Protein chains: 4
Amino acid sequence: MEWKFRSDLPIYAQIVEQFRQSIVSGKLSPGQRLESVRDLSMEAGVNPNTMQRALQELEREGLVYTQRTAGRFVSEDAAVIERGKRAMAMEKIREFLSAMNSLGYSREEILSLLSEEKEEENNADS
Amino acid sequence: MEWKFRSDLPIYAQIVEQFRQSIVSGKLSPGQRLESVRDLSMEAGVNPNTMQRALQELEREGLVYTQRTAGRFVSEDAAVIERGKRAMAMEKIREFLSAMNSLGYSREEILSLLSEEKEEENNADS
Amino acid sequence: MEWKFRSDLPIYAQIVEQFRQSIVSGKLSPGQRLESVRDLSMEAGVNPNTMQRALQELEREGLVYTQRTAGRFVSEDAAVIERGKRAMAMEKIREFLSAMNSLGYSREEILSLLSEEKEEENNADS
Amino acid sequence: MEWKFRSDLPIYAQIVEQFRQSIVSGKLSPGQRLESVRDLSMEAGVNPNTMQRALQELEREGLVYTQRTAGRFVSEDAAVIERGKRAMAMEKIREFLSAMNSLGYSREEILSLLSEEKEEENNADS
DNA sequence: GTGGTCTAGACCACC
DNA sequence: GTGGTCTAGACCACA
């Protein structure tokens, strides 16, 4: 994982984002054990409290769970993960549409531009 | 304008982005005079050199032009501005598709999700 | 290379000119590594920033390219170099015609004088 | 007249060049009175001795002459002026051919490029 | 006042 | 070590 933080969002929220992304994309597998809070916080160069807060948020969302003494693990509940994935996707979509909107593009134009990009990519493939 | 800078892109590049966005979206009108380098740099809280570099980049792109002692102005060439707008849109699209891709969505799924979002928005409108 | 600077053109632009000249004339070979920014700036007796700016301009023109940590290299793209060569030649020609013009020579006279010079040189050869 | 000096040639020589240019191109007319050494040196921002040396050189070339108490005047000898004009032209030509040569262009290519430039200019006229 | 250039020197990421 | 970025502050030409 790469740990770079923007200044426009609390660090703990950025950590949550990153974990969520890794989990729903499968980069972290269901059932996989996470490193300890202490190790993770050192890697990320943040205060252990910050890392702790992020992990608790993920737990609240059901994406990770804790086993008393063994540590934290990625959820094995496919439905929960799928739900998180959808949520992130819709978030990206809203961001995207909002950005295109502020550039002055209508829905129809956006779809048309998406098609163009697809064609370009196909050309690049050939 | 809001001047907050991320750490994952050079400041001068973020300034360029911001101006480009404002120009192609029409928030800055063709022919409009920009504030002086000194004033802008103070507002943004950056060194005058950094602001200068950003503005020169915009000039190279044709989005602004300089009049020796009078200041800098937004280009009045609609074709140049349209070109910049298209370039920014394609950039956003590529970012979006890449993000959706790393979440594990195929092109077809992306289009399908876009439709869902549209419906939701329509419902929200009504 | 000789590093003497006139006062009628920014130093960075004169450095660009000098490199461009060396590259298109083949004095710097395609693929050849340039010295580091620091070394070049010391040799030329200018600030590293000034040298950096010149090299970035050359990069924008495609005449050199950068490899992250290895340094800068002369482009190996013959078409780009040929284009630069033509551009410099046309520039010299325009300067020359303009100078002759302000001396009061017409196009026909210029061509005639060029022939004279050729003959003189031929005589000098024999 | 504009007085900017390069550092690659003695200032007095650059002054000579400038006067020679003005005289042979007719910008200074035959018989015209030059300003005093004192005034000229102040305008140019150089030491009076430097200006004096330049004017003596021009006198040696016959391009100006001195009348004891009335001052210095541009030569009225058309042959002398014509000779100076030719000398300057041949100098420009040699510089030009040398520059093109170091770019790697042969005599034939130079003539061909000159023709191209002529055409471009004609197009620009239309 | 405007933009433009330059120096001096710092810090960063990368390898 | 490499290139890249940024700051601080000076000086210039132009009008």
Side-chain angles (χ1 to χ4, degrees), chain A residues 1-7 43-45, chain B residues 3-19 31-60 62-75, chain C residues 3-19 32-60 63-75, chain D residues 1-7 43-45:
Chain A
M1 282 205 186
E2 288 188 17
W3 297 109
K4 293 182 180 175
F5 302 110
R6 308 185 299 274
S7 59
E43 278 182 31
Chain B
W3 297 112
K4 293 182 180 177
F5 301 111
R6 308 185 302 275
S7 61
D8 62 348
L9 199 66
I11 291 180
Y12 83 92
Q14 296 181 53
I15 295 174
V16 168
E17 244 180 16
Q18 186 125 353
F19 272 110
Q32 180 173 345
R33 185 178 179 282
L34 302 181
E35 297 176 67
S36 77
V37 175
R38 288 163 179 75
D39 291 352
L40 283 169
S41 65
M42 280 178 53
E43 279 182 29
V46 301
N47 185 283
N49 272 325
T50 304
M51 184 57 71
Q52 172 80 352
R53 181 169 178 185
L55 292 172
Q56 281 180 336
E57 172 62 24
L58 285 165
E59 201 151 2
R60 219 176 294 117
L63 289 175
V64 309
Y65 63 93
T66 297
Q67 266 180 355
R68 288 204 179 273
T69 59
R72 279 196 174 82
F73 301 83
V74 177
S75 166
Chain C
W3 297 112
K4 292 183 180 176
F5 302 111
R6 308 185 302 273
S7 60
D8 61 349
L9 200 66
I11 292 180
Y12 83 92
Q14 296 181 54
I15 295 175
V16 168
E17 243 180 18
Q18 187 125 352
F19 272 110
Q32 180 173 345
R33 184 178 180 284
L34 301 182
E35 297 177 67
S36 77
V37 176
R38 287 163 180 74
D39 290 352
L40 283 170
S41 65
M42 281 178 53
E43 279 181 29
V46 301
N47 185 284
N49 272 326
T50 305
M51 184 57 72
Q52 172 81 351
R53 181 170 178 184
L55 292 172
Q56 283 180 335
E57 171 63 25
L58 286 166
E59 202 151 0
R60 220 177 294 119
L63 290 175
V64 309
Y65 63 92
T66 297
Q67 268 181 353
R68 289 207 180 271
T69 60
R72 279 196 173 83
F73 301 82
V74 176
S75 166
Chain D
M1 282 204 186
E2 289 188 17
W3 297 109
K4 292 183 180 176
F5 301 111
R6 306 185 301 274
S7 60
E43 277 182 30

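Here is the naming used below: chain letters follow the sequence lines, and residue numbers restart at 1 for every chain. Quick caveat, the model's predicted, so the values are computed rather than measured.
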Presence of B/T50 side-chain N/O under 4.0 Å of F/dC6 phosphate oxygens OP1/OP2 | no

Looking at the side chain of B/S36, which of E/dG3, E/dT5, F/dT2 is the nearest nucleotide?
-> E/dG3

Assert: residue with more 5' nearest nucleotide on DNA chain E, out of B/N49 and B/Q67, is B/Q67

Expressed in angstrom and rounded to an integer, what is the separation of B/L40 atom CG from E/dT2 atom P?
-> 10 Å

Nearest-nucleotide comparison on DNA chain F, the residue closer to the 5′ end among B/T69 and C/D39 | C/D39

Nucleotide-level pairing of DNA chain F, given in dot-bracket where Watson-Crick and G-U pairs need both distances under 3.5 Å and | marks other strands | ||||||||||||||.

Flag, side chain of B/Q14 to backbone of B/L9, donor-acceptor distance under 3.5 Å = yes

Would you mind classifying the nucleic acid contact of C/Q56 as base, sugar-phosphate or nothing, using non-hydrogen atoms under 4.0 angstrom?
-> sugar-phosphate

Whole angstrom value for the distance that separates C1' of E/dG1 from CZ of B/R72 | 15 Å

What is the distance from CD of C/Q52 to C1' of E/dC12, rounded to the nearest Å?
-> 13 Å

B/N47 has an atom CG; how far is it from atom P of E/dT5, in whole Å?
-> 16 Å

Of C/V46 and B/L34, the one whose nearest nucleotide on DNA chain E sits closer to the 5' end is B/L34

E/dC6 phosphate, OP1 or OP2, under 4.0 Å from C/R53 side-chain N/O | no

Phosphate OP1/OP2 of F/dT5 contacted by B/Y12 side-chain N/O (<4.0 Å) = yes

Roughly how far, to the nearest 0.5 Å, is CD of B/E17 from CD1 of B/I15?
-> 11.0 Å

Please work out if C/I11 contacts a base, only the sugar-phosphate, or nothing of the nucleic acid, heavy-atom cut-off 4.0 Å.
-> sugar-phosphate

Would you name the heavy atoms of B/L40 and B/F19 that are closest together and state the gap between them?
-> CD1-CZ, 3.9 Å

Select base, sugar-phosphate, or nothing to describe what C/R38 touches, counting heavy atoms under 4.0 Å on all strands.
-> base

Could you pull out all residues at least two apart from B/R72 that satisfy side chain to side chain contact (heavy atoms under 4.5 Å, CB included)?
-> B/L34, B/V37, B/Q52, B/L55, B/Q56, B/E59, B/V64, B/T66

Output the distance between atom CG (B/D39) and atom CE (B/M42), rounded to the nearest 0.5 Å.
-> 7.0 Å

